[in-house]
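First the structure, in the form of structure tokens, and then the observations on it.
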Amino acid sequence: MGLAIIGGMDPTGGAGLLRDEWTIAQRAPELEVLAVCTAVTRQGHGAPASSASADADTLARELADAASYPQLRAVKLGMIPADRVEQILAFLASLRAREPRPLVVCDPVIAASDGGRLGPSSRALFELAARVDLLTPNQSEARQLLEHGPLPSTTATLFKGEAVEDRPDRIRDRLQQAGAAQFVLERPRVSGPDPRGTGCALASAIACELARGRSLITAVVAGVAWLDGARRRLTPGPDNRWHLER
């Protein structure tokens, strides 16, 4: 079984493709990983992030290889440079013709946690949302996406990191999907520093379970539980930020 990870390369390993690969190695080492780099990023040390987009021809070849991989079962989609959105849309359209169709989890990256824009506009991500199966926005990303209207009913959305009223010691995530009651994961808040790359890691962990054939709710519950545990085991990164362990 194969899982494609598509996103930016962060050389520090705090986020992006390296974080995705390390997550998959922990969660589902039996999966074949197909990595497609959309950009190389420069992040950390408290400075705003910047990026350089991947060569368009190289990206096209790598996306075509991923789309034609016979055992592809899921895709984790991360950072998409603004000038590569059309290529990603074409890739997602090509997946629609497959049977069985690989499930797509999108972590809608707009900006880095230290500041600096990395992804496309929120409008572009809003339009892309209808082409994926699950969106996993943080609170800032969700607010920006919802400025353009309701998210597509055909796409499930995991709203992450919401506060629980009058309970600062607790946190919740909400999964909304068409034709189903809202599923709420309320739990104790993990204390300690906020590490980089949690969005990448969670989306990859969920994609692992979907590639194994798990239901969406089962995949989300497993991914959130794993990430809560991983947040208790941090290590200093080369960018002067806390990272999840490898």
Side-chain angles (χ1 to χ4, degrees), residues 1-45 49 51 54 59 62-63 65-66 69 71-81 102-109 112-114 118-119 134-138 141 158 160-161 173 190 192-212 214 218-246:
M1 295 182 294
L3 170 57
I5 50 174
I6 301 171
M9 172 61 72
D10 171 10
T12 74
L17 291 176
L18 291 177
R19 178 54 54 196
D20 295 337
E21 290 186 343
W22 295 335
T23 299
I24 296 165
Q26 293 182 43
R27 297 295 300 156
E30 78 278 8
L31 294 178
E32 184 75 21
V33 179
L34 296 86
V36 178
C37 179
T38 60
V40 176
T41 69
R42 182 182 179 88
Q43 302 183 63
H45 301 286
S51 67
L59 179 59
E62 293 180 350
L63 289 172
D65 288 344
Y69 184 73
Q71 299 301 315
L72 186 65
R73 293 293 179 264
V75 175
K76 185 270 179 175
L77 185 58
M79 179 207 163
I80 308 168
L103 299 175
V104 181
V105 179
C106 177
D107 177 26
V109 177
S113 56
D114 278 338
L118 286 177
L134 175 66
L135 282 174
T136 62
N138 60 31
E141 292 159 349
L158 180 65
K160 303 180 302 189
D173 299 336
V190 178
D194 186 26
R196 283 191 59 218
T198 54
C200 301
L202 178 58
S204 294
I206 293 171
C208 285
E209 300 302 325
L210 294 177
R212 287 168 159 166
R214 308 287 197 265
T218 299
V220 167
V221 170
V224 168
W226 169 79
L227 181 60
D228 280 354
R231 288 176 65 101
R232 296 180 171 91
R233 302 182 301 274
L234 304 182
T235 185
D239 52 358
N240 293 333
R241 288 283 305 276
W242 288 100
H243 290 193
L244 302 172
E245 281 188 345
R246 293 175 53 173

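The structure displayed is predicted, hence computed values, not measured ones.
- Between atom OG of residue S204 and atom CG of residue L31 there is a gap of 11.0 Å, rounded to the nearest 0.5 Å.
- The shortest side-chain heavy-atom distance between L72 and L3 does not fall under the 4.5 Å cut-off.
- Of all heavy-atom pairs between A39 and P81, the closest is CB-CG, 3.7 Å.
- In this structure L18 satisfies the side-chain contact (heavy atoms from CB on, under 4.5 Å) test together with M9, E21, W22, sequence neighbours excluded.
- Shortest non-hydrogen contact noted between G197 and A15 is CA-CB, 3.9 Å.
- Between E245 and Q26 the shortest heavy-atom distance is O-NE2, 3.4 Å.
- Of all non-hydrogen atoms in Y69 and G2, the two that sit nearest each other are CE2-CA, 3.9 Å.
- Put simply, the side chain of R19 never gets that close to the backbone of H243: no donor and acceptor are under 3.5 Å apart.
- When the side-chain hydrogen bond (donor to acceptor under 3.5 Å, both in side chains) test is applied to E32, no partner is found at least two apart in sequence or on another chain.
- Scanning all heavy atoms of the two residues, the minimum distance from A4 to A66 falls at CB-CB, 4.4 Å.
- At least one side-chain heavy atom of T41 sits less than 4.5 Å from a side-chain heavy atom of M79.
- Although no hydrogens or angles enter the test, the distance criterion places a donor-acceptor pair under 3.5 Å between the side chain of K160 and the main chain of T136.
- In this view, E209 and R27, R212, R214 satisfy the salt bridge (Lys or Arg N to Asp or Glu O under 4.0 Å) rule, not counting sequence neighbours.
- For the pair C200/D107, a side-chain contact is recorded, criterion being any heavy-atom separation below 4.5 Å from C-beta on.
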Considering only distance and modelled atom types, tabulate donor-acceptor pairs under 3.5 Å from the side chains of residues 219-236, sequence neighbours left out.
from, atom 1, to, atom 2, distance (Å)
D228, OD2, R187, NE, 2.6
R232, NH1, D228, O, 3.0
R233, NH1, G229, O, 3.0

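- Remark: D10 engages T12, R196 in a side-chain hydrogen bond (donor to acceptor under 3.5 Å, both in side chains) (not counting sequence neighbours).
- Residue I24 holds its CD1 atom at 5.0 Å from SG of C208, rounded to the nearest 0.5 Å.
- Between L158 and L202 there is a side-chain heavy-atom pair separated by less than 4.5 Å.
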### Task
Would you sort out whether V75 and I6 count as a side-chain contact (heavy atoms from CB on, under 4.5 Å), showing the intermediate values?
CA-CA 8 Å; V75 175; I6 301 171; 3.9 Å; yes
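- The side-chain contact (heavy atoms from CB on, under 4.5 Å) search around L59 returns V36, T38, L63, R84, Q87, not counting sequence neighbours.
- Using a 4.5 Å cut-off on side-chain heavy atoms (C-beta onward), V104 and L134 make no contact.
- Of all heavy-atom pairs between A201 and L244, the closest is CB-CD1, 3.7 Å.
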